[in-house]
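Just so it is clear, the structure is predicted and the values come from calculations on it, not from any experiment. Within every chain, numbering begins at 1; the chains are lettered A, B, ... in the order of the sequence lines, protein sequences first and strands thereafter.
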2 protein chains.
Amino acid sequence: MAVTKPAGGKPAGERVHRAAVRLFATKGFHGTGIRDLAKAADLSSASLYHYMPTKERLLADIMRTSLQGLLDAATGELDGVTDPVERLDRLVVLHVTRHAREPLRTRVVDNEVDALTPASRRDVVGIRDAYEKLWSDTIDDGLRSGVFTTTRPATTRLALLDMCNGVARWFSPGGELGRSDLADHYADLARRMVGAPPKQPR
Amino acid sequence: MAVTKPAGGKPAGERVHRAAVRLFATKGFHGTGIRDLAKAADLSSASLYHYMPTKERLLADIMRTSLQGLLDAATGELDGVTDPVERLDRLVVLHVTRHAREPLRTRVVDNEVDALTPASRRDVVGIRDAYEKLWSDTIDDGLRSGVFTTTRPATTRLALLDMCNGVARWFSPGGELGRSDLADHYADLARRMVGAPPKQPR
DNA sequence: TCCGGTCTATCGATCGATTGATCGACCGAG
DNA sequence: CTCGGTCGATCAATCGATCGATAGACCGGA
């Protein structure tokens with residue numbers, strides 16, 4: 001009953017957010033005009049500014065909350081887990097599942113970093129670094145305890161992350177491959193890359 | 001002696017091309033203004049149009065020639081090579097080496113596809129598809145002959161390519177890791193991913 | 001039950017700045 | 001005297017952002 005206008009059924013603030021994610025992901029931040037955004041959110045370009053301070057701040061908020069959510073989820077997922085193989089499994093499954101569930105949001109996070117102002121960029125990159133440290137620590141642990149065999153752990157970490165990030169570029173929900181199967185397959189690939197034994201030894 | 005102005009020592013057309021690659025890679029196509037480009041190429045914005053028909057066509061040319069060069073090199077590299085493991089090795093080494101030698105150009109190719117007009121996009125995506133088919137065929141061959149063990153070859157191909165593409169995002173020439181060592185490491189990772197035996201069995 | 005006041009949400013109109021692109025003029029080498 | 005190369009000036013269009021105004025919901029006091 002609070003809804004007065006049938007403009008999509010969702011509250012306006014959420015419509016702006018969703019439209020921004022979709023447009024920034026598909027056309028890029030600089031490729032998306034304030035009027036494109038307004039049209040997609042079913043608002044005038046003036047009304048837009050009731051829900052965002054600035055176009056750049058809208059982008060920064062999207063990226064910051066998305067990355068923070070990933071970091072929080074990963075921290076929770078690893079809580080109490082000490083086995084490096086299990087830790088790597090969980091990191092990959094969480095990462096891939098998220099990227100497959102929200103490929104648009106992820107693409108914005110991955111591709112629009114240098115559209116941010118220096119201040120926003122510092123925040124975002126700081127969160128991302130904290131997240132990637134979870135991966136570094138896991139790989140280092142695995143090497144120390146001997147379950148991983150890989151030279152150049154730093155490079156391997158980058159290769160792992162790039163591989164997992166790529167999912168957001170091509171995965172389309174509703175395809176033949178489900179999110180869960182996809183995540184399992186990536187976890188297997190990750191184990192192979194670091195030289196850990198496969199999940200079900202044939 | 002042909003050089004009349006000391007504007008960087010290079011001919012103007014090449015300066016435009018180089019500046020475009022650098023700016024498109026770091027600030028994005030839509031984030032790069034015609035005046036930024038002119039300044040970086042040490043020309044007026046009007047003179048720019050003696051070396052390009054349109055900003056978009058300049059981008060399309062950069063992407064098309066870069067991708068075509070990669071496809072040609074790969075085709076030549078695979079000529080006569082039938083062993084799937086050797087083929088995969090060569091594909092990875094070529095791909096990674098190129099991405100490490102010219103990360104800026106590669107970033108443009110990878111990130112600015114949807115800044116193209118539909119016509120240009122068709123061309124570029126067509127070349128890219130032909131290139132990726134080399135990878136698909138190699139993986140299929142390896143599976144058929146039994147040297148590769150991987151379920152879901154299509155997904156594994158995507159994971160491989162995303163991993164190798166990622167190099168352009170973080171590699172900086174002159175770092176501690178050389179291009180050749182990097183390429184070898186990636187070839188090893190690729191072998192592990194498809195389940196092929198490592199190069200030097202310890 | 002009505003009233004004045006406040007707040008949120010929305011808009012059309014418009015701001016100055018910048019966009020990609022074009023024009024005519026000029027310059028120096030051949 | 002021509003002509004490839006270069007430029008300042010400028011075009012219409014669009015950019016991100018702001019303005020004042022309006023409509024309606026809600027609230028406390030008469």
Side-chain angles (χ1 to χ4, degrees), chain A residues 1-21 23-24 26-63 108 112 114-120, chain B residues 1-21 23-24 26-63 108 112 114-120:
Chain A
M1 48 255 330
V3 179
T4 29
K5 287 187 68 178
K10 307 272 187 179
E14 189 180 329
R15 292 203 315 270
V16 172
H17 190 90
R18 283 164 125 78
V21 169
L23 292 178
F24 290 168
T26 53
K27 308 175 42 167
F29 176 74
H30 291 299
T32 302
I34 221 65
R35 290 159 185 82
D36 302 327
L37 191 52
K39 184 159 293 185
D42 199 38
L43 281 175
S44 74
S45 66
S47 302
L48 227 47
Y49 285 84
H50 269 263
Y51 301 98
M52 65 184 203
T54 269
K55 199 181 96 166
E56 189 271 342
R57 287 275 295 273
L58 174 62
L59 171 67
D61 283 350
I62 289 174
M63 297 183 62
V108 174
E112 302 296 339
D114 39 36
L116 295 171
T117 62
S120 301
Chain B
M1 39 242 9
V3 179
T4 29
K5 287 185 70 177
K10 307 274 187 179
E14 189 181 329
R15 290 198 322 265
V16 172
H17 189 90
R18 282 165 125 76
V21 168
L23 292 178
F24 290 169
T26 53
K27 309 175 41 169
F29 175 75
H30 291 298
T32 301
I34 220 66
R35 289 157 186 83
D36 303 327
L37 192 51
K39 183 159 294 184
D42 199 38
L43 282 175
S44 74
S45 67
S47 302
L48 226 48
Y49 285 84
H50 271 263
Y51 302 98
M52 64 184 203
T54 271
K55 199 182 95 167
E56 190 271 341
R57 287 275 293 274
L58 174 62
L59 171 67
D61 283 349
I62 290 174
M63 297 182 62
V108 174
E112 303 296 340
D114 39 37
L116 295 171
T117 61
S120 302

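Looking at heavy-atom distances under 4.0 Å, B:L43 makes contact with sugar-phosphate atoms alone, never a base.
A sub-4.0 Å separation between OP1 or OP2 of D:dT6 and a side-chain N or O of B:S47 is absent. Taking side-chain N and O atoms only, B:Y51 has a distance below 4.0 Å to OP1 or OP2 of D:dT6.
Between the side chain of A:H50 and the base of C:dT10, at least one donor-acceptor pair of N or O atoms lies under 3.5 Å.
Taking the salt bridge (Lys or Arg N to Asp or Glu O under 4.0 Å) definition, one finds that A:R18 meets it with A:E14, sequence neighbours left out. With sequence neighbours excluded, the residues satisfying salt bridge (Lys or Arg N to Asp or Glu O under 4.0 Å) with A:K27 are A:D36. Among residues two or more places apart in sequence or in another chain, the side chain to side chain donor-acceptor pair (under 3.5 Å) test is passed with B:S120 by B:E56, B:T117. For the side-chain contact (heavy atoms from CB on, under 4.5 Å) test, residues two or more places apart in sequence or in another chain that qualify with A:A40 are A:A19, A:R22, A:L23.
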Contacts under 3.5 Å, N or O only, protein and nucleotides 16-21 of chain C:
{"residue": "C:dG20", "atom": "OP1", "partner": "B:T32", "partner atom": "O", "Å": "3.3"}
{"residue": "C:dG20", "atom": "OP1", "partner": "B:K55", "partner atom": "NZ", "Å": "2.6"}
{"residue": "C:dG20", "atom": "OP2", "partner": "B:I34", "partner atom": "N", "Å": "2.6"}
{"residue": "C:dG20", "atom": "N7", "partner": "B:R35", "partner atom": "NH1", "Å": "3.1"}
{"residue": "C:dG20", "atom": "O6", "partner": "B:R35", "partner atom": "NH2", "Å": "2.9"}
{"residue": "C:dA21", "atom": "OP2", "partner": "B:Y49", "partner atom": "OH", "Å": "2.7"}
{"residue": "C:dA21", "atom": "OP2", "partner": "B:K55", "partner atom": "N", "Å": "3.2"}
{"residue": "C:dA21", "atom": "O5'", "partner": "B:Y49", "partner atom": "OH", "Å": "3.4"}

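At least one donor-acceptor pair under 3.5 Å links the side chain of B:S44 to the backbone N or O of B:S47.
Sorted by first and then second residue, the pairs that involve residues 26-61 of chain A and meet ring pair (Phe, Tyr, Trp, His ring centres under 6.0 Å), not counting sequence neighbours, are A:F24-A:F29.
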